[in-house]
Amino acid sequence: MSFVLVTGGAGYIGSHTVVELIQNGHQVVIVDNLSNSSYDSISRIEYLTRSKVPFHKVDLTDYSGLDAVFDQYEFKTVLHFAGLKAVGESARNPLKYHNNNVIGSINLLRTMQSHGCKSIIFSSSATVYGDVTRLEGQRIPIVETCPTQPTNPYGQTKLAVENTLRDVFAADQQWRIAILRYFNPIGAHSSGLLGENPHGVPDNLLPLIAQVASGRGKFSVFGTDYDSVDGTPIRDYVHVVDLAQGHVAALHHLDGLKEGTGICREWNLGTGTGSTVFEVHSSFERASNRKVPYTVATRRPGDVLNLTADVSRAATELGWRARLTVDKACDDLWLWTERHPSSGYQNVDGRVRLS
Ligand code: NAD
Ligand code: WQD
């Protein structure tokens with residue numbers, strides 16, 4: 001039997017993707033070190049899909065641990081989500097990020113190679129583009145051929161892995177490599193059973209707004225002096241379930257290539273439409289039916305005016321387009337926030353039971 005390996009499958013995007021993969025008939029094995037997730041998400045995946053999902057608590061920087069997993073299964077493809085993702089922490093501790101994200105990915109690729117598995121879908125990020133609006137001749141929406149210039153160590157690790165993948169393909173064109181550059185993933189599963197549950201304080205916009213709506217912490221808008229309709233920056237917020245389905249589309253694209261054909265290609269996964277911070281804030285207030293107080297702060301260092309994807313390559317080549325709106329993502333995130341015991345707002349009556 002042939003399996004799909006999902007590294008980081010207990011995490012936010014990985015767990016949603018595992019559900020979509022299983023619902024599309026794939027046999028999934030998860031590897032995760034649970035550094036930013038917990039076994040709870042495996043239970044939730046199993047509950048949602050009514051299936052048992054083999055799970056191995058392995059750190060990708062542990063070559064022999066990973067090799068032992070590859071000894072147990074025949075993997076046709078690896079979906080590689082495992083990585084650290086906090087931009088600010090990466091600036092304070094770049095070696096932690098390079099070790100985890102780059103060495104971990106190299107170990108994975110070496111293990112794949114030694115076991116004859118040459119198909120991988122890699123979680124890259126729009127952060128590899130850096131500040132596109134400063135580049136001569138480049139414009140929004142961002143196309144995949146835009147030069148890459150990451151402005152933080154996290155982005156450098158993503159670009160380093162992309163470059164490694166391109167080198168691997170140049171040396172052996174049997175490899176099938178999909179590099180997916182996500183824009184701003186948001187929302188949760190519409191069941192209220194899966195969502196983002198990071199360790200520590202979140203630093204992304206929507207998890208923060210959700211915390212404040214449920215009575216914890218404070219929310220600052222980082223700058224209202226940008227050149228946008230309301231002065232706040234513009235991002236391409238994409239629903240995590242759309243994103244998960246983008247991975248299934250990429251997998252089917254790789255599987256559908258002619259026998260003996262390889263590929264190494266980048267695809268943007270976004271909606272193609274930008275929203276400002278104030279637009280997202282209003283959408284969340286509507287979804288939660290609560291006021292979310294904020295203060296206006298100065299610009300956050302490294303923030304750029306606009307990151308919006310050109311999504312035509314994914315539409316044409318993968319047959320994938322995002323379908324869900326920011327409003328729907330806010331509805332789903334609020335349901336998750338209300339129901340999930342550790343997300344900051346406990347609704348005892350609405351708490352989900354998993355058995
Ligand atoms: P997440 O932290 O929820 O999930 C990542 C998972 O990987 C976690 O479960 C963590 O425990 C695991 N992990 C980390 N290092 C590991 C290691 N060395 N060995 C084994 N497991 C390890 O993050 P996410 O939001 O689901 O992101 C998934 C991927 O997508 C990451 O690579 C991230 O860089 C990338 N990405 C995320 C975003 C975003 O905004 N969420 C945007 C673009 C790209
Ligand atoms: C979104 C907008 C902030 C927090 C990051 C990574 C990127 C990708 C997605 C992984 C910005 C504003 C935020 C707050 C605010 N991740 N904001 N107050 O910075 O677009 O992208 O996550 O790959 O690589 O860089 O996302 O959610 O942090 O910010 O006003 O407390 O919300 O200024 O305009 P960002 P974000």
Side-chain angles (χ1 to χ4, degrees), residues 6-17 30-39 41-42 56-62 65-66 79-88 90 96-97 99-105 107-108 122-130 150-152 154-155 157-158 161 180-186 195-209 211-212 217-224 226 228 232-238 240 243-244 247 269-270 274-278 280-281 294-307:
V6 179
T7 76
Y12 174 46
I13 306 169
S15 59
H16 287 83
T17 303
I30 295 176
V31 160
D32 200 301
N33 66 0
L34 305 183
S35 60
N36 197 36
S37 51
S38 69
Y39 189 77
S41 58
I42 310 289
H56 299 267
K57 185 169 185 281
V58 173
D59 190 304
L60 295 197
T61 59
D62 167 15
L66 199 53
L79 283 88
H80 177 31
F81 295 92
L84 298 172
K85 61 168 180 174
V87 171
S90 79
K96 178 178 174 186
Y97 273 67
N99 183 58
N100 191 78
N101 293 2
V102 182
I103 306 289
S105 299
N107 273 343
L108 175 65
F122 173 59
S123 300
S124 190
S125 167
T127 200
V128 298
Y129 293 118
T151 55
N152 56 69
Y154 163 70
T157 68
K158 288 288 159 191
V161 177
L180 304 182
R181 293 177 176 157
Y182 318 150
F183 279 64
N184 287 56
I186 57 166
E196 189 166 12
N197 189 23
H199 295 175
V201 182
D203 51 11
N204 288 117
L205 178 66
L206 266 164
L208 264 167
I209 291 181
Q211 267 198 4
V212 175
K218 289 192 165 62
F219 168 50
S220 300
V221 174
F222 295 144
T224 53
Y226 287 90
S228 68
T232 62
I234 301 160
R235 295 288 180 274
D236 186 336
Y237 296 95
V238 54
V240 65
L243 201 56
H247 290 74
L269 295 188
S275 307
T276 67
V277 173
F278 280 147
V280 171
H281 173 263
Y294 64 87
T295 51
V296 173
T298 52
R299 291 183 178 199
R300 184 171 64 177
D303 269 354
V304 303
L305 164 65
N306 193 342
L307 278 174

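In each ligand, atom 1 is the first atom listed, and ligand 1 is the first ligand listed.
- Ring centroids of F81 and H16 are separated by 6.0 Å or more, keeping the two rings apart.
- Side-chain atoms of I42 and K57, non-hydrogen and from C-beta on, never get closer than 4.5 Å to each other.
- Neither the backbone nor the side chain of A126 has a heavy atom within less than 4.0 Å of ligand 2.
- Heavy-atom separations between V58 and ligand 1 include at least one value shorter than 4.0 Å.
- Panel note: side chain T127, backbone G155; no donor-acceptor pair is recorded below 3.5 Å.
- At a threshold of 4.5 Å between non-hydrogen side-chain atoms, the residues Q211 and F219 do not count as touching.
- Atoms OH and CG, on Y226 and N306 in that order, are 11.5 Å from each other to the nearest 0.5 Å.
- Heavy atoms only, all atoms of each residue included: V58 and G65 are closest at CG1-C, 3.8 Å.
- Residue G104 places every heavy atom at 4.0 Å or more from ligand 1.
- For atom 33 (O) of ligand 2, the closest non-hydrogen atom on the protein side is D303 OD2, 2.5 Å.
- Taking both residues in full, the closest heavy atoms of L208 and K218 are given as CD2-O, 4.3 Å, listed atom of the first, atom of the second, then distance.
- Taking a cut-off of under 4.0 Å to the non-hydrogen atoms of K158, the atoms of ligand 1 that pass are 31 (C), 32 (O), 33 (C), 34 (O).
- The S220 neighbourhood of ligand 2 comprises atoms 14 (C), 15 (C), 18 (N), 30 (O), 31 (O), with distances under 4.0 Å to a heavy atom of that residue.
- With a heavy-atom cut-off of 4.0 Å, L205 touches ligand 2 through backbone and side chain alike.
- R235 NE, 2.6 Å is the protein heavy atom nearest to atom 20 (O) of ligand 2.
- Among D32, N100, V6, the residue whose heavy atom lies nearest to atom 18 (N) of ligand 1 is N100.
- Here the protein heavy atom with the shortest distance to atom 25 (O) of ligand 2 is V87 CG2, 3.4 Å.
- Of the possible polar contacts, one joining the Y12 side chain to the I186 backbone as a donor-acceptor pair under 3.5 Å is found.
- Residue-ligand proximity, Y12 to ligand 1, at heavy-atom distances under 4.0 Å covers atoms 1 (P), 3 (O), 4 (O), 25 (O), 26 (O).
- The shortest heavy-atom contact between G274 and I234 is CA-CG2, 3.5 Å.
- The protein non-hydrogen atom at the shortest distance from atom 12 (C) of ligand 2 is V277 CG2, 3.7 Å.
- Counting protein heavy atoms only, atom 22 (C) of ligand 1 is closest to N33 OD1, 3.1 Å.
- Of the candidates I13, V296, N184, the one placing a heavy atom closest to atom 9 (C) of ligand 2 is N184.
- Looking at A126, G83, G155, G65, it is G83 that brings a heavy atom closest to atom 5 (C) of ligand 1.
- Heavy-atom proximity to atom 25 (O) of ligand 1, evaluated over R181, K85, E196, is greatest for K85.
- By the 3.5 Å distance cut-off applied to N or O atoms, G8 is not counted among the residues near ligand 1.
- Contact of the V240 side chain with the I13 side chain is registered, since non-hydrogen atoms from C-beta on lie closer than 4.5 Å.
- Nearest to atom 31 (O) of ligand 2 among the protein's heavy atoms is L208 CD1, 3.2 Å.
- Here Y237 has side-chain heavy atoms under 4.0 Å from ligand 2, and that is the only part of it that gets that close.
- Two residues are said to be in side-chain contact when any heavy atoms from C-beta on lie closer than 4.5 Å; P202 and E196 fail this criterion.
- Note: an N/O pair closer than 3.5 Å links D59 and ligand 1 by distance alone.
- Relative orientation of the H281 and Y294 rings is perpendicular, given thresholds of 30° and 60° on the angle between their planes.
- Checking only distances, A82 never comes within under 3.5 Å of ligand 1, N or O to N or O.
- Ranked by closest heavy atom to atom 14 (C) of ligand 2, the top entry among F183, Y182, F222, Y129 is F222.
- When all heavy atoms of F183 and G270 are compared, the closest pair comes out as CB-CA, 4.4 Å.
- Below 4.0 Å from some heavy atom of T127 lie the following atoms of ligand 2, by number and element: 24 (O).
- In terms of protein heavy-atom proximity, atom 8 (C) of ligand 2 is closest to S125 OG, 4.1 Å.
- Checked against a 3.5 angstrom limit, the closest N/O atoms of P185 and ligand 2 fall outside it.
- Polar contact check, G11 against ligand 1: a nitrogen or oxygen pair lies under 3.5 Å apart.
- Under the 4.0 angstrom criterion for non-hydrogen atoms, F278 is not in contact with ligand 2.
- Proximity of D203 to ligand 2, defined as any heavy-atom pair under 4.0 Å, is confined to the backbone N, CA, C and O atoms.
- Counting atoms of ligand 1 from 1 in the listed order, those under 4.0 Å from a heavy atom of L34 are 11 (O).
- Closest of all the heavy-atom pairs between D32 and A10 is OD2-N, 3.2 Å.
- Close approach of ligand 2 to V221 is summarised as follows: ligand atoms under 4.0 Å from at least one heavy atom of the residue are 30 (O).
- Taking the side chain as every heavy atom from C-beta outward, V238 and Y182 never approach each other to under 4.5 Å.
- The shortest distance between side-chain heavy atoms of T224 and F278 falls below 4.5 Å.
- Here the shortest heavy-atom pairing between G14 and V6 reads O-CG1, 4.5 Å.
- Contacts between R300 and ligand 2 below 4.0 angstrom, taking non-hydrogen atoms only, involve the side chain exclusively.
- Taking CZ of R299 as the reference point, atom CG of L305 lies at 8.0 Å (rounded to 0.5 Å).
- Ligand 1 is never approached by G9 to a heavy-atom distance shorter than 4.0 Å.
- Here N204 has heavy atoms under 4.0 Å from ligand 2 in both its backbone and its side chain.
- Residue contacts with ligand 1: S37 is placed with a nitrogen or oxygen under 3.5 Å of a nitrogen or oxygen of the ligand (distance criterion only).
- Numbered from 1 in the order shown, with element, the atoms of ligand 1 that lie under 4.0 Å from a heavy atom of P185 read 38 (C), 39 (C), 40 (O), 41 (N), 42 (C).
- In terms of protein heavy-atom proximity, atom 28 (C) of ligand 1 is nearest to F81 O, 3.5 Å.
- The proximity of Y154 to ligand 2, defined as any non-hydrogen pair under 4.0 Å, is limited to the side chain.
- Listed by number with element, the atoms of ligand 1 under 4.0 Å from a non-hydrogen atom of Y154 are 33 (C), 34 (O), 35 (C), 36 (N), 44 (C).
- Those atoms of ligand 1 that come under 4.0 Å of a heavy atom in S124, given as number and element, are 43 (C), 44 (C).
- Here the side chain of N33 pairs no donor or acceptor atom with the backbone of L60 at under 3.5 angstrom.
- The nearest protein atom to atom 19 (N) of ligand 1, hydrogens excluded, is given as L60 N, 3.0 Å; this is a heavy-atom distance.
- Assignment of H80 to the shell around ligand 1 is not supported, since no heavy atom sits closer than 4.0 Å.
- Contact atoms of ligand 1 toward S123: 29 (C), 30 (O), 32 (O), 35 (C) (distance under 4.0 Å to a heavy atom of the residue).
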